[in-house]
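For reference, the structure is listed below as structure tokens.
Nothing here was measured: the structure is a model prediction, and the numbers come from that model.
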Amino acid sequence: MRIQDNFWHQHIKQLTRANNILDLLLTSEEEMIEDVNVGETFGSSDHNCITWTTIVTRGLEEKRQRYLDWKRADWEKMKEEYDALVWEDIFEGKGVQSMWNVFTNIYSQQIKKYVPVQERKLHNSPKWMTKRLRKLIRKKRKAWQEYKVGQSSSDWNYFKTLQSEVKSQIKSAKRSFELKLSEKIKEDSKTFYSYVRSKQKVRDKVGPLQNEAGEVVTDDAEAAELLNNF
């Protein structure tokens with residue numbers, strides 16, 4: 001049975017592994033895909049990378065992220081307002097959860113007043129990616145395209161040299177990035193542990209708590225009181 005008999009369209013026409021087409025890119029509408037390109041081999045694999053453009057009716061919006069710019073925070077004003085607060089009076093007669101709610105409310109108000117909000121573009125590149133490495137990767141891809149056109153042994157050897165260099169530079173960039181994180185852990189522990197968590201496959205969670213009666217505590221306020229009395 002042919003693919004066309006089921007109203008599917010196969011967009012891969014070029015060889016994707018040696019002299020064979022082993023990859024499928026199927027759509028129900030032929031116009032959904034364009035600019036299909038079989039690129040260089042992927043890392044140490046002998047399969048080729050495949051890229052294409054998907055045609056959609058909805059435009060893609062540039063993704064941006066809002067963040068708190070702590071470097072430009074007005075710490076002096078925040079300190080003045082905190083020093084003026086009489087915490088004993090504010091917390092008088094309140095339980096742990098109530099005190100926490102009051103504190104976080106005050107803290108949130110201070111952040112809104114004295115910590116500016118900035119925007120930045122979201123990049124999909126790994127945190128260890130450098131400009132030099134990104135340039136080298138583009139150079140490797142260009143070498144592959146030149147080899148596809150000429151099919152000469154010199155172009156192939158040049159591409160393989162760049163491929164090996166890219167692989168080596170990726171390892172080096174990762175090691176360098178992780179070394180810098182470990183060296184600055186005392187000054188910037190947040191970035192270090194954020195990177196560590198991003199590498200974890202299993203997320204650790206706080207386990208269930210038991211009160212003195214051996215009952216499992218599920219209420220957040222009761223759990224906070226229990227931890228406070230520990």
Side-chain angles (χ1 to χ4, degrees), residues 56 58-134 169-230:
V56 293
R58 182 180 178 183
L60 296 177
E61 297 180 358
E62 184 183 64
K63 292 185 178 180
R64 302 184 70 87
Q65 180 186 49
R66 292 168 62 85
Y67 69 98
L68 295 172
D69 191 352
W70 292 99
K71 292 182 179 179
R72 292 182 173 82
D74 193 339
W75 297 104
E76 292 298 325
K77 289 287 183 64
M78 290 179 70
K79 185 176 183 302
E80 288 178 8
E81 289 202 16
Y82 277 124
D83 290 342
L85 296 173
V86 183
W87 294 103
E88 291 82 1
D89 294 342
I90 295 174
F91 290 150
E92 185 177 1
K94 295 181 175 62
V96 174
Q97 187 62 40
S98 297
M99 288 190 290
W100 173 250
N101 292 338
V102 170
F103 173 76
T104 53
N105 184 48
I106 294 174
Y107 180 65
S108 298
Q109 292 176 4
Q110 296 291 86
I111 290 176
K112 291 179 181 179
K113 289 171 64 176
Y114 300 118
V115 183
V117 177
Q118 305 289 350
E119 283 191 353
R120 60 189 169 199
K121 293 181 181 179
L122 286 178
H123 298 284
N124 294 325
S125 299
K127 294 182 178 180
W128 44 261
M129 180 66 71
T130 64
K131 290 184 179 179
R132 182 177 181 277
L133 180 54
R134 192 176 286 109
Q169 288 297 321
I170 288 176
K171 290 182 179 180
S172 178
K174 286 182 179 180
R175 286 196 298 266
S176 178
F177 176 77
E178 292 172 355
L179 180 61
K180 288 179 181 178
L181 282 182
S182 62
E183 290 175 345
K184 295 181 179 179
I185 186 172
K186 291 184 178 180
E187 295 82 11
D188 189 10
S189 60
K190 184 178 180 180
T191 302
F192 174 83
Y193 287 111
S194 175
Y195 180 74
V196 171
R197 284 193 298 271
S198 70
K199 295 298 180 181
Q200 291 179 328
K201 295 182 179 179
V202 179
R203 306 292 181 180
D204 294 328
K205 295 183 179 180
V206 176
L209 302 176
Q210 287 185 337
N211 57 23
E212 295 180 353
E215 300 171 337
V216 176
V217 176
T218 57
D219 182 69
D220 291 340
E222 187 178 352
E225 291 284 358
L226 187 63
L227 290 171
N228 184 61
N229 297 328
F230 181 73

Please round to the nearest 0.5 Å and tell me the distance separating atom CH2 of Trp75 and atom CH2 of Trp70. 5.0 Å

Nearest 0.5 Å please: distance from the NZ atom of Lys77 over to the OH atom of Tyr114. 6.0 Å

Greater than 12 external heavy atoms within 6.0 Å of Glu119's CD: yes

Between CG on residue Leu68 and CZ on residue Arg66, distance to nearest 0.5 Å: 9.0 Å

Distance, nearest 0.5 Å, that separates OG of Ser172 from NZ of Lys174: 12.0 Å

Whether Thr104 side chain and Trp100 backbone form a donor-acceptor pair below 3.5 Å: yes

Closest non-hydrogen atom pair between Lys127 and Ser194, with its separation: NZ-OG, 3.8 Å

Here the gap from Trp128 atom CH2 to Lys171 atom NZ, rounded to the nearest 0.5 Å, amounts to 12.0 Å

Does any N or O in the side chain of Asn105 come within less than 3.5 Å of the main-chain N or O of Asn101, such that one atom is a donor and the other an acceptor? no

Specify the closest pair of heavy atoms between Trp87 and Ile106, including all atoms of both residues, with the distance to one decimal. CZ3-CD1, 4.0 Å

Of the non-hydrogen atoms in Leu179 and Ser182, which two are nearest, and what is the gap between them? O-OG, 2.7 Å

Nearest heavy-atom approach of Arg132 to Gln169 is NH1-OE1, 3.0 Å

Please collect all salt bridge (charged side-chain N to carboxylate O under 4.0 Å, His left out) contacts where either partner lies in residues 78-106, sequence neighbours excluded, each pair once. Lys79-Asp83, Glu81-Lys113

Residue set satisfying ring-ring contact (aromatic ring centres under 6.0 Å, His included) with Tyr193, at least two apart, ordered chain then number -> none

